[in-house]
Number of protein chains: 2
Amino acid sequence: MVDIKTRANPLFLREEELRQGIELLFYAYRDFTAEPDSMLARLDMGRAHHRVIYFVGRHPGITVTELLRILKITKQSLSRVLGQLIRDAYIEQRQGKVDRRQRLLHLTEKGVQLEHELTANQRARIAKAYKAASAEAVDGYRKVLMGMIDEEDRRRFARPNREEEAEATSPTPAPGLLSRRPVMRRS
Amino acid sequence: MVDIKTRANPLFLREEELRQGIELLFYAYRDFTAEPDSMLARLDMGRAHHRVIYFVGRHPGITVTELLRILKITKQSLSRVLGQLIRDAYIEQRQGKVDRRQRLLHLTEKGVQLEHELTANQRARIAKAYKAASAEAVDGYRKVLMGMIDEEDRRRFARPNREEEAEATSPTPAPGLLSRRPVMRRS
DNA sequence: AGATATGCGTCAACATGGTTGACATAAAAA
DNA sequence: TTTTTATGTCAACCATGTTGACGCATATCT
């Protein structure tokens, strides 16, 4: 009964280390979403709206299907918030030129404005954390989180995403966005 | 129009860097919770139950008030899940010995069991990410997330939490758990 | 050309887990 | 003795997730 959980016990240290890793993620996410949530509440919206606005802003011209793939929710669930955002003119749809079934999503001016306000706090929070840590720490943050996300989404972070406003004028999917084979190969 | 957003534009790089930081957190959290969620669903429970089980397991003898402070939800909301967990014998309450108003929360054997199953996947996921990265990367992960969480909860990660099963036999709060002044100073 | 698959939308019902507000009891602290 | 704290409870409401069933337009396959 000497010192089972102080030193000399790598199993315990590892367990403790892993648990801290879990909790850091919980607390960070909790605090990360708190501010935008309260801003949204004033506009009668919720976190779900934020996510949609964010990713549409991030990927202009994104299709509904791809957005669903990112959010991993059902289309019925998305439909509710997306419908509101379109009605309230934060987002607009444009018919795809190549595939006319697609509704390509874009932020309106109003949407861009709101997106900016919403993420301002989050960007500041990250910037502060980055600044307080070293460049190597930032790199470590990225590496570890990267290792935690499922493979399919990892490629999004390969290189700084180039503009993906392909607007479906060409069948070339945005780099790293659409992970599927290009359409139209006539066998 | 040369190369506004490739090199030579630190503003853009910074923006891109911050956005990636935001998204990494979103994707990681999304994937991190997916598995336990689906396990819970089979037991007719949800993510809220997991959080309660997790933190009660992590802080045996925690009070309801302190648990609320961690989760940052209302007592009515907690009451629902906590009530279920007690009814289903995953958690038990013991009256505080010093302050007899307190209901100190503990996992039962069944609760410990479930907690272990639930976090197994999360621990594995973190372990995998840690292993894939370097020790310095892990340190960076911790540093950056630490910088993102609000000050009041940061102290929890000061040192590996020592056993805090004080069981309120002494008024000394568990180290790093209760961040308030000790009770009982008579003027 | 005809069959099949895909992208998107919609209606309806339901579950989970948040919220607010009001009120009650026991015990500790002032 | 009075006030504050820790906990619990009832009730109503809201946001956001789910499943299942359909429908239409358009693309793709055979």
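In the text below, chain A, chain B and the rest are named by the order of the sequence lines, each starting its count at 1.
Atom P of nucleotide dA6(D) and atom CD1 of Ile62(B) are separated by 13 Å, given to the nearest angstrom. Between the C1' atom of dT16(D) and the CG atom of Leu40(A) lies a distance of 13 Å, rounded to the nearest Å. One interatomic measurement links the two molecules: CG of Leu78(A) to P of dT19(D), which rounds to 15 Å at whole-angstrom precision. The interatomic distance linking Leu71(B) (CG) with dT19(C) (P) rounds to 10 Å, in whole Å. For the pair Asp37(A) CG and dT19(C) P, the computed distance is 10 Å after rounding to whole Å. dC24(D) atom C1' lies 13 Å from atom CD of Gln95(A), rounded to whole Å. As rounded to whole Å, 12 Å separates atom P of dT5(D) from atom CG of Asp99(B). Between the P atom of dG17(D) and the CG atom of Leu68(A) lies a distance of 11 Å, rounded to the nearest Å.
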Report, one line per pair, each donor and acceptor closer than 3.5 Å where one atom sits in a side chain of residues 79-86 of chain B; sequence neighbours left out.
unit_1: Gln84(B); atom_1: OE1; unit_2: His49(B); atom_2: NE2; d: 3.1

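The phosphate of dT19(C) has OP1 or OP2 within less than 4.0 Å of a side-chain N or O from Thr74(B).
Annotation: salt bridge (Lys or Arg N to Asp or Glu O under 4.0 Å) contacts of Glu92(A) (sequence neighbours excluded): Arg94(A). In this view, Glu151(B) and Arg155(B) satisfy the salt bridge (Lys or Arg N to Asp or Glu O under 4.0 Å) rule, not counting sequence neighbours. For Phe26(A), the ring pair (Phe, Tyr, Trp, His ring centres under 6.0 Å) criterion is met by Phe55(B), not counting sequence neighbours. For Arg100(B), there are no salt bridge (Lys or Arg N to Asp or Glu O under 4.0 Å) partners at least two apart in sequence or on another chain. A search for salt bridge (Lys or Arg N to Asp or Glu O under 4.0 Å) contacts involving Asp150(B) returns Arg125(A), Lys72(B), not counting sequence neighbours. Residues that satisfy the side-chain contact (heavy atoms from CB on, under 4.5 Å) test with Arg101(B), not counting sequence neighbours, are Asp99(B). Partners of Tyr27(B) under the side chain to side chain donor-acceptor pair (under 3.5 Å) rule, at least two apart in sequence or in another chain, are Arg156(A).
Inspection of the Glu115(A) and Tyr90(A) side chains reveals no N or O donor paired with an N or O acceptor under 3.5 Å. A donor-acceptor pair shorter than 3.5 Å cannot be found between the side chains of Glu109(B) and Gln113(B).
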Identify each atom pair where a protein N or O and an N or O of nucleotides 1-3 of chain C are less than 3.5 Å apart, giving names and distance.
none

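Remark on the helix from dA1(C)-dT30(D) to dA30(C)-dT1(D): inter-end axis angle 40°, axes from five-pair C1' superpositions, rounded to 10°.
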(request) Summarise protein proximity over nucleotides 8-17 of chain C in one line of letters, 5' to 3': B for base, S for sugar-phosphate only, - for none, counting protein heavy atoms closer than 4.0 Å. (result) BBBB-----B

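Residue pairs meeting the salt bridge (Lys or Arg N to Asp or Glu O under 4.0 Å) criterion with at least one member in residues 131-144 of chain A, sequence neighbours excluded: Asp139(A)-Lys143(A).
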